[in-house]
Peer 1: 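Could you have a look at this structure, given as structure tokens, before my questions?
The structure presented is a predicted model; accordingly, all values stated were derived computationally and were not measured.
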Amino acid sequence: MSARTYEVRTYGCQMNVHDSERLSGLLEGAGYVRAPEGADGADVVVFNTCAVRENADNRLYGNLGQLVPKKAARPGMQIAVGGCLAQKDRDTIVKRAPWVDVVFGTHNIGQLPVLLERARIAEEAQVEIVESLETFPSTLPSRRESAYAAWVAISVGCNNTCTFCIVPALRGKEKDRRPGDVLAEVEALVAEGVIEVTLLGQNVNAYGSDIGDREAFGKLLRATGGVEGLERIRFTSPHPRDFTDDVIAAMAATPNVMHQLHMPLQSGSDRVLKAMRRSYRQDRYLGIIEKVRAAMPDAAITTDIIVGFPGETEEDFEQTLHVVREARFAQAFTFQYSKRPGTPAAEMDGQIPKAVVQQRYERLVALQEEISWEENKKQVGRTLEVLVAEGEGRKDDATRRLSGRAPDNRLVHFERPEEPVRPGDMVTVEVTYAAPHHLLAERPALGVRRTRAGDAWERRNAAPPNQAGVMLGLPTIGAPAPSAQPALAGGCSVD
């Protein structure tokens, strides 16, 4: 009898992506096999949901509805729904979609295999939602999606009360991992070939709030930088309120911490920031940008911006445009405000007409595109060492190019070297052209450096399909490193 197959469908932020790696690891540990790419269905389909976007529930039920005929034609097929929307809607899911077998929340993802088996034996839906974290996700098995780059969660939850965000209600209060546990996971990953790590948290630089150490995150950056063999460290997403000078100093002084910063703005208007309950103002935000650039002139800074928050006036919006012009972001992730059920902002007066929001959004995007292009043009003529990526360039096969990330996380497409190059290897190139969202290196590569990460990618792809990418959770201190293959790199865009 062949093993049962599974598929995990992920929506939302990087924390959900990381959780899905854990869900895949749990299922493979229970004997399931990942469904092949392009397969027409799987025996178990897991939806890892997000509740941040408006109408997220309608999209979920639409996708669930599409599985009804497949489930009818596939005896024993099971459907599970987890993540933030499951935490929020609980029993509603099985009432609206009675063909769902399992509903679990953000705090008990480790129970998925047990709940699937319970549902199979009982022949009825199993709904299990708990109110606080049972097991820190990083202690669970993982099927990591990349052999060369990894997420490492250092905290879960958020203590902020932003009026547009429902994440704290669904992920709970911030809970930090012990520094020793974080470093043990990083060391285990590096031992398996990972050369890039992204420290992950809903509010990553508030790390240390559990123990009252405001400098804990800066210390963790420096300590992680001391892990031998780790070439690149990133983190996401920080909050301006908690961004302290010692973090800037740690970034500047630690060679393998990349000069790249994602710093959510949300609005440039002090009045709107107050209504959002964002605990900083325009001057504070621009002051951070100024300090970062003084310490690291080459830093690439990206951001999140919401357009059309309730009560936003044209003057408020102009303040956002002012910050964008002053900060000169490399990229901005821009969002039109949409009501999140259960958030204070959804009930506020002054909801902005859709046409006005759309018009402001288009103006913001046009300005940021112009700035992104100008900032990227400054890269032309520079020599960059690019970490070769898997799946970054959709046109790579047609153009005979490869793609990867520069140290500052800019996307670079480059001519394929004559010698073999693997994802995880490093290629040195000269930038010859810049577009708003990527760089081109159209001349032959200046050098290729084969890495342990490329070796790990090669091993992973040589392994049987049901073993590729599997990695155990965090080992206990002093235990041997796990003997499988590692991870992919990147917090929540609503910070």
Side-chain angles (χ1 to χ4, degrees), residues 196-199 204-205 215 217-222 224-226 230-240 242-265 268 280 282-305 321-333 367-387 404-412 414 426-441 446 489-490:
E196 177 175 298
V197 158
T198 300
L199 303 179
V204 69
N205 61 318
E215 296 188 351
F217 183 63
K219 293 172 184 174
L220 183 64
L221 282 179
R222 292 176 187 269
T224 307
L230 182 59
E231 298 195 23
R232 293 184 174 186
I233 302 166
R234 307 186 192 277
F235 58 90
T236 195
S237 286
H239 192 294
D242 302 300
F243 204 81
T244 51
D245 291 350
D246 68 290
V247 172
I248 298 173
M251 291 178 68
T254 311
N256 48 359
V257 174
M258 298 296 96
H259 292 180
Q260 173 237 336
L261 176 64
H262 184 73
M263 179 69 76
L265 169 65
Y280 56 89
Q282 181 187 121
D283 284 351
R284 158 79 172 147
Y285 186 93
L286 288 175
I288 293 171
I289 302 299
E290 184 178 353
K291 288 179 179 179
V292 169
R293 291 237 162 90
M296 296 167 283
D298 61 338
I301 301 172
T302 58
T303 196
D304 299 324
I305 301 174
L321 297 181
H322 169 70
V323 174
V324 169
R325 292 188 188 100
E326 291 292 311
R328 300 196 64 80
F329 300 113
Q331 296 287 340
F333 300 89
L367 174 62
Q368 182 55 53
E369 287 274 305
E370 178 184 326
I371 293 171
S372 294
W373 200 357
E374 290 173 355
E375 291 301 307
N376 276 359
K377 286 177 182 176
K378 296 176 183 177
Q379 305 296 311
V380 174
R382 290 191 63 195
T383 298
L384 303 175
E385 188 171 52
V386 177
L387 173 57
R405 295 284 171 172
D408 66 7
N409 211 37
R410 282 182 166 93
L411 178 62
V412 183
F414 56 94
M426 294 285 192
V427 177
T428 302
V429 300
E430 181 184 344
V431 178
T432 58
Y433 176 81
H437 301 290
H438 67 268
L439 304 174
L440 284 181
L446 302 176

Peer 1: Taking S372 for its side chain and A330 for its backbone only, find out whether a donor-acceptor pair lies under 3.5 Å.
Peer 2: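 Between the backbone of A330 and the side chain of S372 there is a qualifying donor-acceptor contact (under 3.5 Å).
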
Peer 1: Kindly compute the distance separating CD (E326) from CD1 (I289), expressed to the nearest 0.5 Å.
Peer 2: 11.0 Å

Peer 1: Just to verify, which of V427, T383, V429 counts as forming a side chain to side chain contact (heavy atoms under 4.5 Å, CB included) with L446?
Peer 2: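 Option passing the side chain to side chain contact (heavy atoms under 4.5 Å, CB included) with L446: T383.
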
Peer 1: So does E196 get a backbone contact from the side chain of R234, meaning a donor-acceptor N/O pair under 3.5 Å?
Peer 2: no

Peer 1: Identify the heavy atoms of H239 and N205 that sit nearest to each other, and give their distance.
Peer 2: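 Heavy atoms of H239 and N205 come nearest at N-OD1, 2.7 Å.
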
Peer 1: Checking D408 side chain against A299 main chain: does a donor-acceptor pair fall under 3.5 Å?
Peer 2: no

Peer 1: Run the ring pair (Phe, Tyr, Trp, His ring centres under 6.0 Å) test on F217 and F235 for me, step by step, so that the C-alpha distance in whole Å, both residues' side-chain angles and the decisive distance to 0.1 Å come before the verdict.
Peer 2: CA-CA 10 Å; F217 183 63; F235 58 90; 5.1 Å; yes

Peer 1: Counting only N and O atoms by type, is there a donor-acceptor contact under 3.5 Å from the side chain of N256 to the main-chain atoms of G225?
Peer 2: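 Flag set: sc N256 to bb G225 pair under 3.5 Å.
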
Peer 1: Rounded at 0.5 Å granularity, tell me how far CG in D246 sits from CD in E215.
Peer 2: 4.0 Å

Peer 1: Checking Y285 side chain against M263 main chain: does a donor-acceptor pair fall under 3.5 Å?
Peer 2: yes

Peer 1: Considering only residues two or more places apart or on different chains, which pairs with a residue in residues 367-381 satisfy salt bridge (charged side-chain N to carboxylate O under 4.0 Å, His left out)?
Peer 2: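 For residues 367-381, and leaving out neighbouring residues, the salt bridge (charged side-chain N to carboxylate O under 4.0 Å, His left out) pairs sorted by first residue read R328-E374, R328-E375, E375-K378.
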
Peer 1: Where is the tightest heavy-atom contact between R410 and L439, given as atom of each residue plus distance?
Peer 2: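 In terms of heavy atoms, the two residues are closest at CD-CD1, 4.0 Å.
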
Peer 1: Within the distance-only criterion (no hydrogens, no angle test), does the side chain of T302 pair as donor or acceptor with the backbone N or O of F329 below 3.5 angstrom?
Peer 2: no

Peer 1: Does one side chain, of D304 or H262, offer a donor that lies under 3.5 Å from an acceptor on the other?
Peer 2: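 Indeed, the side chains of D304 and H262 share at least one donor-acceptor pair under 3.5 Å.
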
